[in-house]
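Here's the structure, in structure tokens; my notes come after.
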Amino acid sequence: MHWADYTAQKLMERGGKQVSASGITPSGEFHIGHLREILSAEMIHRACLDAGIESKYIFIVDSMDPLRRVYDFLSPEYERYIGHPLAYIPAPGSDGKPSDGSATYADHFLGPFLNALEQIGVCPEVVMNHETYESGEFAEYIDTAISKKEEIRRIIQEISGRELADDWFPYNPMGSDGSLDGVTVMGYEKPFVHWIDSLGVEGRSDIRKGEGKMPWRIDWAARWAIHGITCEPAGKDHGAAGGSYDTGIPICKLLGGEPPDKIVYEWIQLKGMGPMSSSTGLTIGPMEALSLVPPEILRYVVARSKINRHIEFDTGSALFQTADEYERLVSNPIADDGEMTKRQLVAAQTQSGAIRLSQVEAGANPSDSVGGVSFRHLSMLAQIKASDADVWKSLNRSGHIQGAPRESLVVRLARMRTWIDGPHFPEGAKLEIRRELSDEARGKLDEGGMDFLSVLSSLLSECEWGDEQISEAISNACESAGIPRRKGYASIYWALIGRSFGPKASSLLCEIGRERILSLLGGA
RNA sequence: GGGCCUGUAGCUUAGUCAGGUAGAGCGCCGGGCUUUUAACCCGGUGGCCGGGGGUUCGAAUCCCCUCAGGCCCGCCA
């Protein structure tokens, strides 16, 4: 069974309406790793719906979190905003300097990410955490947390092994300059927390407004209660023993909530580069990934892996393999012929679950996502056909599509071209049409092969220049040279692209043109 | 120091929770296919399940030890 379906089943036992959630701090560019946070929760949500369980999915943006430091992409002017909630500071411009403030820092990074999410079929209910503070929804939990301060302190100290300072307080008020840092709590008189900030200014924060926030470990536990969250997969950083998941559960109960069960997912790593981090700039953005990879394949990358396994994200040749695997499973779903062992059955169910959850539109027929054209075939066409119109013409001629291409295919081709032209496209998949017979090719061809090419050359010089005629010429040349067809094709590929195999030979030759082919084969 | 995850065929991995003859895909090799979509079909190759010990009639699976890789423990998915 797929992990999302398994989790849905567990949630069904818990009963009631399910609320899956994700939470991300918009401190910088979002990256591909954040997609796992999102998709882990969203797939469980979908699995719940598929199982007939009432469910919703919310994405909580940690917009109340303060700016921790001046990241590399920020100008030094951001120094003065350290400690300020991301929702209340201006977005950086392209030069890294604070812009005019028409967009907030949080919104600036969130916007493109939500756009990318839409493309992969994720439409969450977005909750800006600072608005939850502003609306007063946190107030009663803040009040409870303050009155149970010592119990919470004990939970955090015992479970995390961390020593909390004597003046620790479960609410960080915002000082006179708008910073959450360096503000000392002087007292509490519901609904006001009295404080003195680092400038020596005294003031008070109304817990019913966005005038401060709870520390992360309590904030998280409180929001579980506020939103009725029943499921929130968390990154392994939160999942470590004594981490915020472990303290969140008892704190949530203390605040009167019913916490979700602990679910931890592993991180996505870039092939050979270790974990990603927004702050080191070692990232592939979801937008960048989506400019290359079809969205259902991106979903499949997450869906096919068990939740507790690393994912090595590779935009090179592994992408072909993943796409192949996806397409194979879509076109040849493993059917239960009644003779499967229990294990094979489990594997088949898991795979079909992964395909189901990879669809951009929930419940869509997976065959539609492939659109009749394989990823590999499209990569070939995109390389040998300069114009899109020629690609569509070719696909019509080969019977892949009828008439105009559908929109999703147009987008796929555009993505394919971006990939091919970019730095991630694997060398091994590049088609380099040779101008003359290389020594390497000569080395690979024996007498029969050379004879074949020479016969082919003369046949091609006379025949009509079309796919079928070329195909026929190849057949005839094979017979004439007395070699198997397989060998004939291999000879063509050696001569043409320096490999023993390749895309359909006749259309390749047809596209390249008679003159160039004859000059290439002339040396045979 | 504390803890988590992983180690199964050349590669990616399923199977570990509920012990019962090690499965799959890719690759590779051979054959087939008188249009090769890098396709498809048939056959084949390939594993002391990281190592050692224990429990058991029986262990990839449970227990103990050990080695290796990755990661978490202020914030980070």
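Lettering of chains follows the sequences in order, A, B, ..., and the numbering in each one begins at 1. The figures here come from the full heavy-atom set of this structure, side chains too, leaving out hydrogens, waters and symmetry mates.
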Review point. Reckon A:S506 touches a base, only the sugar-phosphate, or nothing at all at heavy-atom distances under 4.0 Å?
Key: nothing

Point to revise | Residue that, paired with A:Y265, satisfies side-chain hydrogen bond (donor to acceptor under 3.5 Å, both in side chains) out of A:E37, A:R36, A:K236 | key: A:E37

Check your understanding: Rounding to the closest angstrom, what is the interatomic distance between B:U13 and B:G58 at atom P?
Key -> 33 Å

Review point. Considering only the P atoms, how many Å lie between B:G25 and B:G43, rounded to the nearest integer?
Key: 11 Å

Exercise for review: Look through every strand shown and name the nucleotide pairing with B:U16 as Watson-Crick or G-U wobble, where both distances are under 3.5 Å.
Suggested key: none

Point to revise | B:U12 versus B:G46 - spacing of their C1' atoms, nearest Å | key: 16 Å

Check your understanding: Across all strands shown, which nucleotide pairs with B:G58 by Watson-Crick or G-U wobble geometry, both distances under 3.5 Å?
Key -> none

Study note, to complete from the structure: In whole angstroms, the gap separating P of B:G74 from CH2 of A:W168 amounts to 16 Å

Review point. Are OP1 or OP2 of B:U6 and a side-chain N or O of A:N308 less than 4.0 angstrom apart?
Key: yes

Review point. Within a strict 4.5 Å, meaning less than it, do heavy atoms of the A:R69 and A:Y78 side chains meet?
Key: no

Point to revise | Distance, C1' atom - from B:C67 to B:G52, rounded to whole angstrom | key: 10 Å

Study note, to complete from the structure: Note: for A:I497 and A:I24 on RNA chain B, the residue whose nearest nucleotide lies more 5' is A:I497

Study note, to complete from the structure: Walking RNA chain B from its 5' end, the first of A:Y6 and A:H238 to be reached, judged by nearest nucleotide, is A:Y6

Review point. How would you label the contact of A:A429 with the nucleic acid (heavy atoms, under 4.0 Å): base, sugar-phosphate, or nothing?
Key: base

Check your understanding: Does B:G10 pair with anything, Watson-Crick or G-U wobble, both distances under 3.5 Å, and if so, with which nucleotide?
Key -> B:C26

Review point. Nearest to the side chain of A:M380 - B:C76, B:G70, B:A38?
Key: B:A38

**Study point:** B:C4 to B:C62 separation - P atoms, rounded to the nearest Å
**Key:** 15 Å

Point to revise | Minimum side-chain heavy-atom gap A:S471-A:Q469 below 4.5 Å | key: no

Practice item. Please say whether more than 12 non-hydrogen atoms of neighbouring residues, nucleotides or ligands are located less than 6.0 Å from NZ in A:K10. Key: no

Exercise for review: Using a heavy-atom cut-off of under 4.0 Å over every strand shown, decide if A:I492 touches base, sugar-phosphate, or nothing.
Suggested key: nothing

Check your understanding: Using atom C1' of each nucleotide, how far apart are B:G31 and B:U45 to the nearest Å?
Key -> 15 Å

Review point. Is a side-chain donor-acceptor pair under 3.5 Å present for A:S244 with A:R217?
Key: no

Check your understanding: In whole Å, what separates the C1' atom of B:C73 from that of B:C28?
Key -> 45 Å

Exercise for review: Mark this stacking check for A:W267 against B:A77 as yes or no, applying ring centres under 5.5 Å and ring planes under 30°.
Suggested key: yes

Check your understanding: Does one side chain, of A:E325 or A:Y300, offer a donor that lies under 3.5 Å from an acceptor on the other?
Key -> yes

Practice item. For A:Y245 and B:C4, give me the distance from atom OH to atom C1', rounded to whole Å. Key: 16 Å

Review point. So what does A:Y493 touch, heavy atoms closer than 4.0 Å: a base, only the sugar-phosphate, or nothing?
Key: base

Point to revise | Same-atom distance (C1') from B:G47 to B:G51, integer angstrom | key: 16 Å

Practice item. Assess whether one donor atom and one acceptor atom, taken from the side chain of A:H400 and the base of B:U37, lie less than 3.5 Å apart. Key: yes

